[in-house]
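Each ligand, and each atom within it, is numbered from 1 in the order the structure gives. All heavy atoms count here, side chains included; hydrogens, waters and symmetry mates do not.
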Amino acid sequence: MEKYVIKGGNPLVGEVEIGGAKNAALAILAAATMTDETVYIDNMPDESDTNAMLQAIASTGAFVERTGRHSVKINASQIHNYTIEDYIKKIRASYYLLGALLGKYKQAGVVLPSGCNIGLRPIDQHIKGFTALGAKVNIEHGIIDARAQALVGSHIYLDVVSVGATINIMMAASMAEGKTIIENAAKEPHVVDFANFLNSMGANIKGAGTDVIRIKGVERLHGTEYTIIPDQIEAGTFMLAAAATKGDITIKNVIPKHLESISAKLIEMGCQIHESDDAVRVVATRRLQNTHVKTLPYPGYPTDMQPQITVALGLASGISIVTESIFENRFKYVDELTRMGASIKVEGSTAIIEGVDKYTGAVVSAPDLRAGAALVIAALTAEGYSTIEDIKYIERGYEDFDQKLRDLGAIIEKVDDDKEIQKFKLKNA
Ligand code: UD1
């Protein structure tokens, strides 16, 4: 099993280039099956989640080709399998194939998604949306099946702000008869990017980025060429890495507007932020200051950036409070961080953090994607050596994470066994 071995203590300095947004990519890939014409997608991140989605799409009978490391060509005219069981179990976004295939073929089945274990993660709002459009949805033998004679537009009020439900309903409604209105819709950048993609295929979606989205169904969608937006969370992760290691990183190929909630917190914590058109520079010269953070749907502070800021606040002066309001089980990594010397008490959905002067290296295990990245940041600041196990979670959503960190001066290597860890320690003694 591959692990990262890290020698901490180096401030990260330099430039890093951000890739395409994973969470936009997963939805866009699924929606590419909604036309018989060829779809070309650029800025596709090369990560295990996007690769699993590509395999799942290929298993339907669609033609899928990576024409370059970051470009994909899909032609779904030969789809013959509407129930996807293999490949997809690992990725939660498998549910996007429900909305896509239901919209185009009026039938779809996928294995009930699991994904990162960060809470209950129900899909009742997706089901409510499909049902409102006229589909019958059944769950049997671990498979969720949706089918309809015809889909008909509807007025849907989401009970919770859900990225997944908003996107899934947009897909099915795009090929339904008549108009659909989604109220209390998610406003995340990848929701907007996804709507732009579907519109480039001939869909008629208005209002994405606000909490009311209006969709006029169309009979068919056509081929397109599309470039995915930069990944807000990958960018944010490097911003927090700069802050925690007292570094100076210029994060390139980003949309600074998407990072404002993170930039605002970093300024409160005493960092300097310099924005240009498509880059953000984070400079941290002194000890971070405490602050309070509450995760919220966009434009609030993202839940996917909660572990990273908790790690940074664990080194800040004073007491900080982080409240997780989206997923109830997202503080599991705190036990691991405690073994690196953090002083954090979790009470329900709140972490009370008493900043310590430093972390110390330890062997820790990544419990999920974003917490895994946060533990890497902690190890980069820590005194001595750390080993991060279960990096398969990190590789779900960060392309070349270790290489990008090395380019910023981090001492990190991906290793297979203890012998290689010993070698790393000797080399970096
Ligand atoms: C997406 C992201 C994930 C991010 C999350 C919130 C992808 C592939 N994943 O996940 O990285 O952390 O948005 O920004 O894009 N909920 C329900 N019923 C539902 C659906 C959701 O109660 O049917 C609840 C969830 O339990 C959670 C909240 O709504 O409390 C938000 O979840 P949602 O936005 O749907 O998250 P995902 O789309 O799964």
Is there a heavy atom in [X] that sits closer than 4.0 Å to ligand 1?
X      : answer
Leu369 : no
Ala186 : no
Met305 : no

Got a sec: does the NE2 of His80 have more than 12 other heavy atoms crowding it under 6.0 Å?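 Correct, the count exceeds 12.
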Counting neighbours of CG on Asp159 that are heavy atoms of other residues, nucleotides or ligands and sit closer than 6.0 Å, is the number greater than 12?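 Yes, the 6.0 Å shell around CG holds more than 12 heavy atoms from other groups.
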Checking contacts here: is it the side chain or the backbone of [X] that comes within 4.0 Å of ligand 1, counting heavy atoms only? Could be both or neither.
X      : answer
Ala165 : neither
Asp304 : side chain
Phe194 : neither
Gln306 : neither
Ile127 : neither

Would you say [X] and ligand 1 have an N/O pair spaced under 3.5 Å apart?
X      : result
Thr303 : no
Lys22  : no
Leu26  : no
Phe327 : no
Ala93  : no

Atoms in ligand 1 flagged as close to [X], the criterion being non-hydrogen separation under 4.0 Å:
X      : result
Asn23  : 2 (C), 3 (C), 7 (C), 8 (C), 9 (N), 11 (O), 15 (O)
Arg330 : 12 (O)
Tyr95  : 37 (P), 38 (O), 39 (O)
Val160 : 16 (N), 17 (C), 22 (O), 24 (C), 29 (O)
Gly164 : 35 (O), 38 (O)

May I ask you to decide if the ring planes of Tyr298 and His258 are parallel, tilted or perpendicular, using 30° and 60° as cut-offs?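 Rings of Tyr298 and His258: perpendicular, over 60°.
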Aromatic plane relationship, Phe238 with Phe401 - under 30° parallel, 30 to 60° tilted, over 60° perpendicular: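 Correct class here is perpendicular.
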Of the listed options Ala24, Ala27, Ser325, Pro122, closest to atom 20 (C) of ligand 1 (non-hydrogen atoms):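 Checking each option, the heavy atom nearest atom 20 (C) of ligand 1 is found in Pro122.
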Backbone N/O of Gly99 and side chain of Asn168: donor-acceptor pair under 3.5 Å: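 Yes, because the side chain of Asn168 sits within donor-acceptor range (under 3.5 Å) of the backbone of Gly99.
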I'd like to know if [X] and [Y] make a salt bridge, using a cut-off of under 4.0 Å between side-chain N and carboxylate O.
X      : Y      : result
Asp145 : Arg147 : yes
Glu395 : Lys414 : yes
Glu413 : Arg406 : no

Sorted by first residue and then second, give each salt bridge (charged side-chain N to carboxylate O under 4.0 Å, His left out) pair with at least one member in residues 186-208; sequence neighbours left out.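 Non-adjacent pairs meeting salt bridge (charged side-chain N to carboxylate O under 4.0 Å, His left out): Lys187-Asp211.
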Give the C-alpha distance, both sets of side-chain angles, the deciding distance and a yes or no for salt bridge (Lys or Arg N to Asp or Glu O under 4.0 Å) between Arg281 and Asp248. CA-CA 7 Å; Arg281 179 175 167 206; Asp248 178 349; 2.8 Å; yes
Kindly determine whether Glu324 and Arg330 satisfy salt bridge (Lys or Arg N to Asp or Glu O under 4.0 Å), including the steps that lead there. CA-CA 7 Å; Glu324 172 57 58; Arg330 218 168 184 174; 5.1 Å; no
Apply salt bridge (Lys or Arg N to Asp or Glu O under 4.0 Å) to residues Lys104 and Asp36 and explain how you reach the verdict. CA-CA 10 Å; Lys104 170 91 194 295; Asp36 291 341; 2.7 Å; yes
